[in-house]
Trainee: 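Below is one structure. I have some questions about it.
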Amino acid sequence: MTAGPDLLRIATAGSVDDGKSTLVGRLLFDTKSVLADQIDAVTRASVDKGLDTPDLSLLVDGLRAEREQGITIDVAYRYFATPRRSFVLADTPGHVQYTRNTVSGASTASLVILLVDARSGVVAQTRRHAAVMALLGVPQLVLAVNKIDLVDDAESVFADISATFADLTRTLGWSDEQVQAIPVSALRGDNVATRSELTGFYDGPTLIEHLETVPNVADRAPVGFRFPVQYVIRPRTAEYPDYRGYAGQVAAGRVEVGDDVVVLPSGIRTTVAGIDTADGSLESAHTGRSVTVLLADDIDISRGDVIAAAHDAPEPISNFTATVCWLGDKPLLPGARLLLKHGAFTTPAIVGGVDTLFDEQELSLRDAPDRLELNQIGRISVQTAQPISADDYLVNRESGSFLLIDPQGGNTLGAGLVGDALAPLHLSELV
Amino acid sequence: MTIEQSNAVGSTPPAGVTDESEYSTLDALESEAIHIFREVAGEFERPVILFSGGKDSTVLLHVAIKAFWPAPIPFSLLHVDTGHNLPEVLAFRDEVVARHNLRLHVASVEDYLADGRLTERPDGVRNPLQTVPLLDAITGNRFDAVFGGGRRDEERSRAKERIFSLRNAFGQWDPKRQRPELWNLYNGKHAPGEHVRVFPLSNWTELDVWRYIAREQVLLPAIYYAHQRDVYERDGMWMTPGPWGGPRDGEEVRRLSVRYRTVGDGSTTGAVLSDAADNDAVLAEVAASRLTERGATRGDDRVSEAAMEDRKREGYF
């Protein structure tokens with residue numbers, strides 16, 4: 001999560017046909033992020049399809065297969081900006097079988113816009129998506145109650161849906177401040193950029209006003225400095241014969257020159273002697289910044305090591321519990337030998353037991369049948385060949401996440417969360 | 001700040017530099033791109049940067065140099081030369097290579113036409129012909145990671161592109177079988193013969209690129225700024241006369257003030273009428289433009305609804 005103060009990463013979620021692509025098209029259109037030749041293309045294509053108004057969803061469905069089937073297949077990234085903020089939007093498919101894309105889109109999002117159709121309200125897919133967002137630790141949610149123009153008595157419909165959703169999100173661990181419900185019509189543009197006369201009962205912000213002002217916080221809990229070493233910079237040039245710097249991106253916390261740090265997994269302590277960038281040295285660096293750290297002592301450090309704040313460094317672990325979203329076509333079975341990538345560190349790993357399955361349909365936990373199928377989420381035990389220097393995902397998304405990779409084909413098979421990320425979801429209260 | 005200037009300030013830090021106060025969108029995008037460059041340097045054997053002399057690849061190179069400062073960049077460059085490049089761009093390319101002491105590989109479409117491995121298309125457009133020399137250069141040099149300056153805001157199928165985009169042994173992109181991209185963990189694993197295309201500027205927009213060029217004082221080929229040029233009009237674009245088949249009968253050559261928004265094959269890339277002669281004027285013009293970069297000046301992207309998707313499936317960028 002490398003967002004600066006005025007770059008907000010967001011994602012969309014919701015069922016098929018709730019109007020996600022239309023809402024995204026509307027956001028682009030109303031922020032003037034769509035240019036004349038793109039509108040012309042959409043107008044032409046809409047006329048070809050026999051429609052009388054331009055179909056804004058055609059602005060975003062870019063693949064041949066998507067246009068043929070009229071659905072979104074894969075995550076697409078959209079860009080728009082207002083005078084106050086820039087936005088990167090991961091537009092994710094709503095089909096159940098594309099849960100892995102929802103997980104990808106939400107893993108980097110500071111805010112997710114969850115759509116529901118005002119006529120159907122909170123449905124099973126809404127609950128499922130909300131639970132996955134809670135699991136992934138998405139800090140902010142917007143409930144967009146779409147097609148509000150199509151219901152009679154919009155006020156009571158909106159109040160009912162917002163109340164149901166608020167119960168759901170409280171149970172999943174969000175505070176009320178983290179959730180904003182907005183009645184919209186993506187097709188007509190109500191409460192997207194402009195306040196709607198249809199919804200006199202609603203006195204909250206428009207969608208764009210909310211996106212512009214919502215706090216841009218990626219971390220759930222502050223932790224000390226975490227710095228995975230990506231690359232050792234050793235110029236060996238005439239000008240810099242002895243330079244040795246550790247290049248990386250600050251994964252969590254911040255660092256100042258003079259800070260006490262510990263190098264993991266060796267546990268050797270030293271202090272930060274300097275923080276370099278090509279534009280000059282810095283006194284301090286915060287989360288998201290790519291820098292080169294210079295240390296006071298000459299220590300053997302290589303790619304994959306982690307430099308952490310001495311006062312709250314994580315304990316290197318090689319036997320641990322994790323929550324995994326399984327993304328592979330073949331099931332995950334106990335005993336599987338995989339590669340695990342955490343930060344800049346990759347190590348062989350063996351999966352022990354597959355204990356608990358998160359049932360997305362029933363929103364409950366049950367004993368796993370010793371395997372995880374594609375798109376299933378469960379709790380597993382993992383043993384790694386070398387220890388990883390990770391935090392619990394509940395403490396920090398960046399330092400608590402990992403990939404499971406197929407050592408043969410190289411595909412990404414699992415999205416891993418260190419620790420029991422399922423624990424705080426009070427699923428029994430949902431049913 | 002230019003690369004030369006930043007080299008100079010590196011050893012004597014400016015006093016009182018703090019970080020949180022002015023961390024902008026551009027800083028966040030730059031940090032992300034630097035992170036991507038370093039991941040590739042750490043995980044791959046033989047990466048290469050595709051460098052055309054255009055603004056995106058020039059920005060890409062600028063960020064790469066910053067990512068490894070004060071060490072030299074651990075990559076060479078690859079240019080696919082269609083034989084239809086504007087001479088200003090080739091001169092710029094060679095000047096950049098010399099200035100930063102880089103190694104340049106050139107894959108030449110002209111060579112392939114000369115010995116019959118490729119055949120000129122009836123319309124004379126050479127962009128689609130780049131794919132074979134590009135893939136041969138990747139295979140021949142055993143490049144396993146190929147950096148490109150592609151941005152997801154360019155085109156609808158590009159919006160689906162991953163930052164690490166796996167290509168099979170035929171260089172093909174399969175949009176339905178892409179790896180999920182989770183957190184900022186990039187998976188560069190690939191089988192022998194496969195390679196990964198890497199797009200560090202994925203999350204930048206055209207406006208971000210121009211703001212960055214202005215902020216960092218990145219030098220570009222002069223054709224990006226308004227200048228007097230002999231041009232003729234075709235399909236609503238202003239084309240430069242050249243060996244690529246123009247002007248034809250009835251296409252009148254005029255001397256106008258123009259600039260290029262994008263650098264590409266001369267047979268299909270047009271200039272726009274413009275008086276924007278410096279970065280500030282270009283920024284204002286780009287911000288106010290009602291046409292996309294490609295819609296305005298890239299003929300081959302107009303061919304069909306899925307022109308870019310189809311070419312990417314074949315192995316093009």
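Residue numbers begin at 1 in each chain, while the letters A, B, ... track the order of the sequences.
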Trainee: Quick check: closest heavy atoms across B:Trp183 and A:Leu417, and the distance to 0.1 Å?
Mentor: CH2-CD1, 4.1 Å
Trainee: Looking only at heavy atoms, which two atoms of A:Gly410 and B:Asn187 are closest? And how far apart?
Mentor: O-ND2, 2.8 Å
Trainee: Do you know which of A:Glu256, A:Lys341, A:Arg236 has the most heavy-atom pairs under 4.5 Å to chain B?
Mentor: A:Lys341
Trainee: First locate atom CZ of A:Phe87, then atom OG1 of B:Thr25, and finally report the distance between them rounded to the nearest 0.5 Å.
Mentor: 10.0 Å
Trainee: Determine whether A:Gln230 and B:Glu43 make a side-chain contact, defined as any pair of heavy atoms from C-beta on separated by less than 4.5 Å.
Mentor: no
Trainee: If I measure from the heavy atoms of chain B, does A:Ile275 come under 4.5 Å with its side chain, its backbone, both, or neither?
Mentor: neither
Trainee: Is there a donor-acceptor pair closer than 3.5 Å between any side-chain N or O of B:Arg38 and the backbone N or O of A:Gly248?
Mentor: yes
Trainee: Salt bridge check: are A:Arg78 and B:Asp153 linked by an N-O gap of less than 4.0 Å?
Mentor: no
Trainee: Please flag which part of A:Tyr243 lies under 4.5 Å from any non-hydrogen atom of chain B: side chain, backbone, both or neither.
Mentor: side chain
Trainee: First locate atom OG of A:Ser401, then atom CG of B:Leu185, and finally report the distance between them rounded to the nearest 0.5 Å.
Mentor: 5.0 Å
Trainee: Passes side chain to side chain contact (heavy atoms under 4.5 Å, CB included), B:Lys66 versus A:Asp279? Steps please.
Mentor: CA-CA 8 Å; B:Lys66 292 180 85 166; A:Asp279 294 316; 2.7 Å; yes
Trainee: Would you say the ring centroid of A:Tyr231 lies under 6.0 angstrom from that of B:Phe37?
Mentor: no
Trainee: Among B:Asn203, B:Thr205, B:Leu26, which has the most heavy-atom pairs under 4.5 Å with chain A?
Mentor: B:Asn203
Trainee: Please give me the minimum heavy-atom distance between B:Ser31 and A:Gly288, naming the atom from each residue.
Mentor: CB-O, 3.3 Å
Trainee: Using side chain to side chain contact (heavy atoms under 4.5 Å, CB included), reason through A:Asp276 and B:Trp69 one step at a time and then give a plain yes or no.
Mentor: CA-CA 9 Å; A:Asp276 269 358; B:Trp69 177 92; 3.9 Å; yes
Trainee: Identify which part of B:Ala33 has an atom lying under 4.5 Å from any heavy atom of chain A, answering side chain, backbone, both or neither.
Mentor: neither
Trainee: What is the minimum heavy-atom distance between A:Ile233 and B:Phe68, and which atoms define it?
Mentor: CG2-O, 3.7 Å
Trainee: Apply side chain to side chain contact (heavy atoms under 4.5 Å, CB included) to residues B:Arg179 and A:Asn411 and explain how you reach the verdict.
Mentor: CA-CA 7 Å; B:Arg179 288 176 180 164; A:Asn411 277 330; 3.2 Å; yes
Trainee: Could you measure the distance from the CZ atom of A:Arg289 to the CD atom of B:Glu32? Nearest 0.5 Å is fine.
Mentor: 14.5 Å
Trainee: Over all heavy atoms of both residues, which pair between A:Ser104 and B:Leu182 is shortest? Give the atoms and the distance, please.
Mentor: CA-CD2, 3.7 Å
Trainee: Which bit of A:Val232 is near chain B, if near means a heavy-atom gap under 4.5 Å: side chain, backbone, both or neither?
Mentor: neither
Trainee: Atom CG in B:Asn184, atom OG in A:Ser107: separation rounded to 0.5 Å?
Mentor: 9.0 Å
Trainee: Could you pull out the closest heavy-atom pair between A:Asp6 and B:Ser24, with the gap in Å?
Mentor: OD1-C, 3.8 Å
Trainee: Hey, could you give me the CG/CD distance between A:Asn101 and B:Glu181, rounded to the nearest 0.5 Å?
Mentor: 11.5 Å
Trainee: Do A:Thr412 and B:Lys189 have side-chain heavy atoms sitting under 4.5 Å apart?
Mentor: no
Trainee: For A:Leu403, which atoms come within 4.5 Å of any heavy atom of chain B: side chain, backbone, both, or neither?
Mentor: both
Trainee: About how many Å separate OH of A:Tyr77 and CZ of B:Arg158, when rounded to the nearest 0.5 Å?
Mentor: 16.0 Å
Trainee: List the steps, then state whether side chain to side chain contact (heavy atoms under 4.5 Å, CB included) holds for A:Gln249 with B:Ile34.
Mentor: CA-CA 9 Å; A:Gln249 187 175 27; B:Ile34 286 174; over 6 Å; no
Trainee: Under a 4.5 Å cutoff for heavy-atom pairs, which residue among A:Gly105, A:Ser86, A:Ser290, A:Ala81 has the most contacts with chain B?
Mentor: A:Ser290
